[in-house]
Structures are given as structure tokens and as C-alpha cells.
There are 2 protein chains.
Amino acid sequence: MTQTAPRPTASSWQAIRDEVRRRIHSREWAPGSVIPTEVELAASFGCARMTVNRALQDLAAAGLLDRRRKGGTRVALHPVEQARLEIPVIRAEIEATGAAYGYRLLERRLAVPLPEFQARMQVPDRTPLLNVLALHLAGDRPYVVEDRWIDPDLPGLSEAPFDETSPNEWLLEHIPYTGGEISFGAHAASVIEARALQTSVGAAVFGIRRTTRDGEHALTTVDLTYAPGHRMRTTL
Amino acid sequence: MTQTAPRPTASSWQAIRDEVRRRIHSREWAPGSVIPTEVELAASFGCARMTVNRALQDLAAAGLLDRRRKGGTRVALHPVEQARLEIPVIRAEIEATGAAYGYRLLERRLAVPLPEFQARMQVPDRTPLLNVLALHLAGDRPYVVEDRWIDPDLPGLSEAPFDETSPNEWLLEHIPYTGGEISFGAHAASVIEARALQTSVGAAVFGIRRTTRDGEHALTTVDLTYAPGHRMRTTL
DNA sequence: CAGAATAATATGTCTAGACATAATCCGAGT
DNA sequence: ACTCGGATTATGTCTAGACATATTATTCTG
């Protein structure tokens, strides 16, 4: 089961990547120092240069290596730590805990957003947007409040009442996008949030703020406010 | 400057990756559907199969594609959203805002940790660990409190008084590690946190909880509690 | 000696072919 | 029908060589 025999020539690009990463973490190759060239590594691993190249490119993409033509490959100064957070659809997130998924639409209206949301959606003053307030439940316990503003001109939106399917799910399923911003923070629960989450006003809650866009055009922005105690986890 | 002439055969793996990504985002290839095989794509792009392979592997790593031997390649159902959070050294994080970095050691002692930290460090009952409480400042404003527990047997630890350099920085610089866990959440500021951050007890604060290990052995675990209003940002 | 032209070098990428491996498909036998 | 195996197939990976490209190092020149 265990890798009892660490053969010097385990030439697969993933094995080479792991070995190089090990040498970086073990300080065998110090931060900032130049590591052997691809040709040298290929010789020492007993494989083709392309195989080494594939491994080093992977580590460079992960931020562990800095590579420059002719300059060689060096270990990144500040081995930038990256945590890969997976942001699942809320339904999947809840079902993954084993609880039954529940959904309740709290409000759906066309309204002029507050300045904060207006800025996030990059729309002119007094432009009405579609606002949807909804609650996601794990079993019978409130899990997260979704406060979303949507560009009312999105195709198919009029056929989406959001009384059964959450905007979170509907948008992912129907609206293509190219990117966006996301941020995480803490705030004191508002009156609306506290009521929906069955907690007290001012309770410390975790929130995700997110804007999704297609090119330059903002499609939707959302505040997800989780019930107290919620944590986002990952490994690094 | 701009790519005015989008030639049908711009065969570089990055160009192919971009083109495939475009077809996915434009719903030309719908979520869940199987896309052409590597051989077919290679023919249509007029390049070698390896080139297509490299492009598709990149998209698969990004979570946009699901690939299975013999099963073919299909567009991911729920384009698993991944946010890559960069977790910088606190000093760099503060200096990036333009503020001067400040550091104050609040406490340094050998003590038996509370059950919660004991569990995180995976040590037996009544094992004393090194506890360091420190404050990081942006200019003259408190930025984040670092409450850390360290394996007292780490080499070189006795020469690290932590009165000038934070454990955060010292550990990254001196102790190799292989992985760990990290989680993000919100909680109400404790008395100690409130005093250090110059805020009120019970204020909603953002916290990072992190354990770093070398193989199976836990090296250190830390609670980082940020001043109210702090947000972690990234793009997707 | 400064600056420009030139050589050297490490990475970036493509290719064409080969074999490995995991899944699926499908037919044979019970 | 149902199960077991083999044939098929798409991806996974390696290779050896070639040329491209960016950058550094060196040499030539005014």
C-alpha cells in the first residue's frame, strides 16, 4: 500500500511534479533559488524533457515556481499559498451534509436597488432591477438567506417564478457567464436576516458577496448570509 | 494589438482551450453533453492530438470539463465553481493596502490548550504547547489578532522570541510543511479579541482557522481574527 | 567605455507515433 | 433475462526530435 520503495526513476509527469514539490517543501531547493534545467532533470529522472516540462508547468500554474525563458526555473520567493474553495450550488451543499433540501421564496419584486447594489451591478441611477429574497433550509433549519438582484432583461426570466427553484440554481442552469467577483466576510445580522435565519438581530453571521458577469455586463449580484456557526472549509 | 483575424486554425493549445471554453460558455456545447473526441477536434483544428489533449486537460483541471476514458469528454453539469483564494503572509497583505506594517507581541507562554485546540493539534491530554498571541497593525489601526498554538519541539523555536517577527512569518520561513486545513467563518468578538482590535465585545468578526502539518504530524494551528469589516476577495 | 549587434541558452510548444488503461459495448453461454 | 468476458474505444501518457521565442551573455564597434 505504502510507497515503500521510492524508486529514483518513477517517470510520470505527476510523479515528477510530486517529487519536485517535495524538494521545494523540504527546502532542498530553497525559495528564490534556481533549480536544474529541464534537460538536466530529464536526465536525472530518466525521461523525456516534455515529461519534466509538463510537471514544472503544473507547479508554475500553482504558483510554486517562477519560470522564464533562458532565465531558468526558480522556486517562488513567497510560495504563494492558494486555497481552492469549491463553491457548490446551495442545494448540493446542503444535500452533501445529509440533510433534506428545503426552499422558500420570501419576496420577488422589481425595485430600484440601494446605491451599494447599484454600484455592484454598474447600472445608472433609478434603474429598476429584479430583486429576489429567498431562504434555503437544511431539513427544517434555516441555512442561508439569498438576497439577489438580477438584470431584468435576461432571457427567459419572465418564465422563472422562483417559487420552486432558487435563483441560485436557475441562473447557473440557464445563463452563461464568463466571470465575476466574490468576497467573504462577517457582519451583524440585519432584522430581515435574523428573522429568516431564526436568530437574533446583530448575531455574527458569515456572508458571501458575489457578482457574476458576462464579459463586461453584470448579470446578477447576490448576498448570501449563512446561519450562525457556518464555516467554509478546504485543504491546502 | 487586438486579435483582429480569428483564424479558424490557430493551433496552439491555449488558443484551442480558449475556443473550447468559448463554445462552452456560449452553450454551443451544452452542460452535460459529450463534445467531439480528441481525434475529431484535432482534425477540425488541424493539429496533433496532443495539442488538443493539453487544452482539454487544462479545462478539466479548471472544472469545466469531465473526462473519462472511453466515456469521452463532457461539459460539467454544475460547472463546479472554484475560487482560488490567495493567502498571503499577513505582512504582505497589509503592505499591499499601502499601510505601514506594525506588529505587537501580546503573549508568549507554554500552556495546556483548551480541548478545541488540543483536538486540532492531535495531542494527548495535558500536553503543553507553545501559545503565542500577537497583533498585526495596518498603520496604527489593529488589523488582525493571531492566536497560535505551536508544537514546542519544532527545531529552532527557542531562538524565536516572536517579539519582532510574527509566528506567521517565522514559521513560513523556517518550517517546511506538506499541507493542512483551513476554514473561514464569522463569530462574535471575545473579550481578548475586542480589546486587541479596539472594538466591542460581541462585534461580528471574520476569522480564519488553520492547521498546518508535515505529513500526519500537526505543526501549528492558528485562529486569525480580523477587525470588523474585513473581507477576503477574489475573482472567478 | 558605452551601446549595438550577435551568439548562446532555457523554456514554450508542436508533432507523429506508440503503448497503457479504464469504461463501455456487445455477444455468448447459462 | 442475466451474467461474464472479450472487443472496442477514448483518454492518459511517454518519446524523440524539431523549431520558436524570450532573455541573458558576449563580442564587436564607434
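Heavy atoms only: backbone and side chains are in, while hydrogens, waters and symmetry mates are out. Letters A, B, ... are given to chains in the order of the sequence lines, protein chains preceding strands, and every chain is numbered from 1.
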Next on the checklist: I need the NZ-P distance between B:Lys70 and C:dT24, as an integer number of Å.
Outcome noted: 9 Å
Checklist entry - Is a donor-acceptor contact shorter than 3.5 angstrom present between the side chain of B:Arg69 and the base of D:dT13? => result no
Checklist entry - Less than 3.5 Å between a donor and an acceptor, one on the side chain of A:Arg49 and one on the base of C:dG12, is that the case here? => result yes
Checklist entry - Are OP1 or OP2 of C:dA10 and a side-chain N or O of A:Thr73 less than 4.0 angstrom apart? => result no
Next on the checklist: Is A:Arg67 close enough to C:dG12 that one of its side-chain N or O atoms is under 4.0 Å from OP1 or OP2 there?
Outcome noted: yes
Checklist outcome for this item: Whichever of B:Gly72 and A:Met50 has the more 5' nearest nucleotide on DNA chain D, that residue is B:Gly72
Next on the checklist: Using a strict threshold of under 4.0 Å (side-chain N to carboxylate O), is an ion pair present between A:Arg23 and A:Asp18?
Outcome noted: no
Checklist entry - Given atom CD1 of A:Ile16 and atom C1' of D:dT13, what is their separation to the nearest angstrom? => result 11 Å
Checklist outcome for this item: In whole angstroms, the gap separating C1' of C:dT15 from CD of B:Glu38 amounts to 15 Å
Checklist outcome for this item: Taken to the nearest whole Å, CZ/A:Arg54 to P/D:dT11 is 16 Å
Checklist entry - Would one find a side-chain N or O of B:Thr51 under 4.0 angstrom from OP1 or OP2 of C:dT15? => result yes
Next on the checklist: Between P on D:dA10 and CG on B:Asp66, what's the gap in Å once rounded to a whole number?
Outcome noted: 18 Å
Next on the checklist: Please report the distance, rounded to the nearest Å, between CZ in B:Arg68 and C1' in C:dC25.
Outcome noted: 14 Å
Checklist entry - Any Lys/Arg nitrogen of A:Glu181 or A:Arg210 sitting under 4.0 Å from an Asp/Glu carboxylate oxygen of the other? => result no
Checklist entry - Are B:Asn53 and D:dG12 close enough that a side-chain N or O sits under 4.0 Å from OP1 or OP2? => result yes
Checklist entry - Does a salt bridge link B:Arg209 with B:Asp147, judged by any charged N lying under 4.0 Å from a carboxylate O? => result no
Item to check | A:Arg67 and A:Glu38 ion-paired at < 4.0 Å | outcome: yes
Checklist entry - Roughly, in whole Å, what's the span from CD in A:Gln57 to P in C:dA10? => result 17 Å
Checklist outcome for this item: When rounded to the nearest 0.5 Å, the distance separating CD1 of A:Ile94 from CG of A:Leu137 is 7.0 Å
Checklist entry - What's the CH2-P distance between B:Trp13 and C:dT15, to the nearest Å? => result 14 Å
